[in-house]
Student: 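Take a look at this one; I'll ask things after.
This one's a predicted model, so the numbers in the text were calculated from it and none came from an experiment. Just follow the structure's listing: the first ligand is 1, and inside any ligand the first atom is 1.
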Amino acid sequence: MSELQALIFDVDGTLADTERDGHRVAFNRAFAEAGLDWDWTTSLYGELLAITGGKERIRFYLEQYLPDFEPATDLDSFIANLHAAKSKYYHSVLAEGAIPLRPGVERLLKEAREQDVRLAIATTTTPSNVTTLLEQTLGSDSPSWFEVIAAGDIVPAKKPAPDIYQYALQEMNLQAQDCLAFEDSHHGLTSASQIGLKTVVTVNDYTQDQDFTGAILVLSDFGEPNQPFKVLAGDAGDKSYLDMALAHRLLTSQG
Ligand code: XBP
Ligand code: MG
């Protein structure tokens with residue numbers, strides 16, 4: 001019998017809408033600083049999100065859109081330097097306080113903590129991006145709420161590979177059947193569900209048209225008591241926001 005022991009969260013798009021006004025803006029600032037006239041518009045960025053990982057995304061962009069580009073240094077160092085600048089700018093965007101948590105995220109995290117349900121992060125982004133986002137939105141001690149922050153290059157293969165979720169489970173010494181995952185994208189759902197994690201998806205503008213077959217529940221967002229979610233697929237019973245009672249029920253349901 002499964003018993004809910006941990007919630008494992010994706011970060012970008014799930015905890016906060018960081019992509020369009022956070023990562024994208026930071027990439028563009030890094031390009032400008034490097035004297036590059038590249039402009040990742042909101043629509044182009046939507047296409048580039050097919051590739052997870054910022055360094056991987058830059059490499060893909062060069063291959064697909066600028067195949068004749070010749071960097072001044074070798075390609076790996078060029079990308080690494082550009083990405084380091086991007087991370088610096090991303091932190092400054094977060095410090096501006098422009099990116100709030102999505103509806104219901106803070107409430108759900110706090111409710112899980114009250115019930116001693118363990119928390120973890122499984123994300124593709126750089127580790128310091130996660131801690132900065134948490135500190136900025138939930139306070140300086142909030143990274144410690146998470147037993148494991150599995151992030152970035154800690155595993156060889158990024159999402160949609162399952163490695164990052166596998167890593168988080170191993171670190172917590174838990175089985176997939178005792179945890180729920182939270183994602184916003186098809187790649188994230190693929191990563192979590194490949195190793196048997198039941199997954200709740202909350203969509204956003206970039207992901208709303210993706211295929212979420214296999215998700216236990218697909219929602220507009222986690223919702224709040226005064227701000228009900230929309231159920232896009234699956235069964236939330238009589239609930240209008242995601243709380244721990246619904247989380248427990250989802251884990252033990254047959255779906
Ligand atoms: C997040 C990503 C990341 C961020 C950029 O995917 O794809 O690449 O866009 O982060 P997910 P870095 O939400 O599925 O984890 O530049 O730090 O790699
Ligand atoms: Mg995501």
Student: Going from CG on Leu62 to CG on Leu82, what distance comes out if it is rounded to the nearest 0.5 angstrom?
Tutor: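 Atom-to-atom, Leu62:CG and Leu82:CG are 8.5 Å apart.
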Student: Short list, please: which atoms of ligand 1 are under 4.0 Å from a heavy atom of Lys86?
Tutor: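 Selected atoms, number and element: 5 (C), 10 (O), 12 (P), 16 (O), 17 (O).
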Student: Could you tell me the separation between the CG atom of Asp184 and the CD atom of Gln208, rounded to the nearest 0.5 Å?
Tutor: 11.5 Å
Student: Which residue holds the protein heavy atom closest to atom 14 (O) of ligand 1, what is that atom called, and what is the gap in Å?
Tutor: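 Nearest neighbour among protein heavy atoms for atom 14 (O) of ligand 1, to 0.1 Å: Lys159 CD, 3.5 Å.
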Student: Of Gln194, Gln170, Lys159, which meets side-chain contact (heavy atoms from CB on, under 4.5 Å) against Tyr165?
Tutor: Lys159
Student: Hey, looking at atom 12 (P) of ligand 1, which of His83, His186, Arg24 has the closest heavy atom?
Tutor: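 The option holding the nearest heavy atom is His83.
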Student: Between side-chain atoms of residues 33-44 and protein atoms elsewhere (two or more places apart, or another chain), which donor-acceptor pairs fall under 3.5 Å?
Tutor:
unit_1: Glu33; atom_1: OE2; unit_2: Lys88; atom_2: NZ; d: 2.8
unit_1: Glu33; atom_1: OE2; unit_2: Tyr89; atom_2: OH; d: 2.8
unit_1: Thr41; atom_1: OG1; unit_2: Leu44; atom_2: N; d: 3.1

Student: Is there an N/O/S atom in Asp10 that lies less than 2.8 Å from the Mg ion (ligand 2)?
Tutor: yes
Student: Backbone, side chain, both or neither: what part of Asn129 comes under 4.0 angstrom of ligand 1, heavy atoms only?
Tutor: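 Contact part for Asn129 vs ligand 1: side chain (C-beta onward).
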Student: Specify the protein heavy atom at minimum distance from atom 1 (C) of ligand 1: its residue, its atom name, and the distance to 0.1 Å.
Tutor: Asp12 OD2, 3.3 Å
Student: Taking the six-membered ring for Trp and the full ring for Phe, Tyr or His, determine whether the centres of Tyr45 and Tyr61 are under 6.0 Å apart.
Tutor: no
Student: About how many Å separate CD1 of Ile164 and OG1 of Thr123, when rounded to the nearest 0.5 Å?
Tutor: 7.5 Å
Student: Distance check, rounded to the nearest 0.5 Å: Gln177 atom CD versus Gln5 atom CD?
Tutor: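 Nearest 0.5 Å value for the CD-CD distance: 9.5 Å.
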Student: Provide, to 0.1 Å, the distance between atom 17 (O) of ligand 1 and the closest protein heavy atom, together with that atom's residue and name.
Tutor: Thr126 OG1, 2.6 Å
Student: In terms of residue, atom name and distance, what is the protein heavy atom nearest to atom 18 (O) of ligand 1?
Tutor: Gly54 N, 2.7 Å
Student: Would you mind running through ligand 1 and noting each atom that sits below 4.0 Å from a heavy atom of Thr123?
Tutor: 15 (O)
Student: Where is the nearest protein heavy atom to atom 10 (O) of ligand 1: which residue, which atom, and how far?
Tutor: Thr125 OG1, 2.7 Å
Student: Evaluating non-hydrogen atoms only, which member of Val11, Thr124, Ile121 is closest to atom 6 (O) of ligand 1?
Tutor: Thr124
Student: Which atoms from ligand 1 have a heavy atom of Tyr45 less than 4.0 Å away?
Tutor: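 So the atoms of ligand 1 that pass are 9 (O).
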Student: Can Tyr90 be reached from Ile121 by stepping across I, L, V, M, F, W or Y side chains whose heavy atoms are under 4.5 Å apart?
Tutor: yes
Student: Does ligand 1 come near enough to Glu183 that some N or O of the ligand is less than 3.5 Å from an N or O of the residue?
Tutor: no
Student: Linking I/L/V/M/F/W/Y whenever their side-chain heavy atoms sit closer than 4.5 Å, directly or via other members, would Leu15 and Leu49 fall into one cluster?
Tutor: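 Shared cluster, no.
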Student: For atom 13 (O) of ligand 1, find the nearest protein heavy atom and state the residue, atom name and distance (0.1 Å precision).
Tutor: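 Of the protein heavy atoms, Asp10 OD1, 2.8 Å lies nearest.
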Student: Tell me which one of Glu19, His23, Lys55 gets a heavy atom nearest to atom 5 (C) of ligand 1.
Tutor: His23
Student: Side chains of His91 and Ser128: do they bring a donor and an acceptor to under 3.5 Å?
Tutor: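 A pair is found: one side chain offers a donor N or O, the other an acceptor, under 3.5 Å apart.
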Student: Just so I know, are the side chains of Phe69 and Leu75 near enough to count as touching, which here means a heavy-atom distance under 4.5 Å?
Tutor: no
Student: Which angle, to 10 degrees, forms at the Mg ion (ligand 2) with OD1 of Asp184 on one side and O of Asp12 on the other?
Tutor: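 My answer is 90°, to the nearest 10°.
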Student: For atom 9 (O) of ligand 1, which protein heavy atom lies nearest, and how many Å away is it?
Tutor: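 The closest heavy atom on the protein side is Arg57 NH1, 2.7 Å.
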Student: What residue and atom, counting heavy atoms only, is the protein's closest point to atom 8 (O) of ligand 1, and at what distance?
Tutor: Gly53 N, 2.8 Å
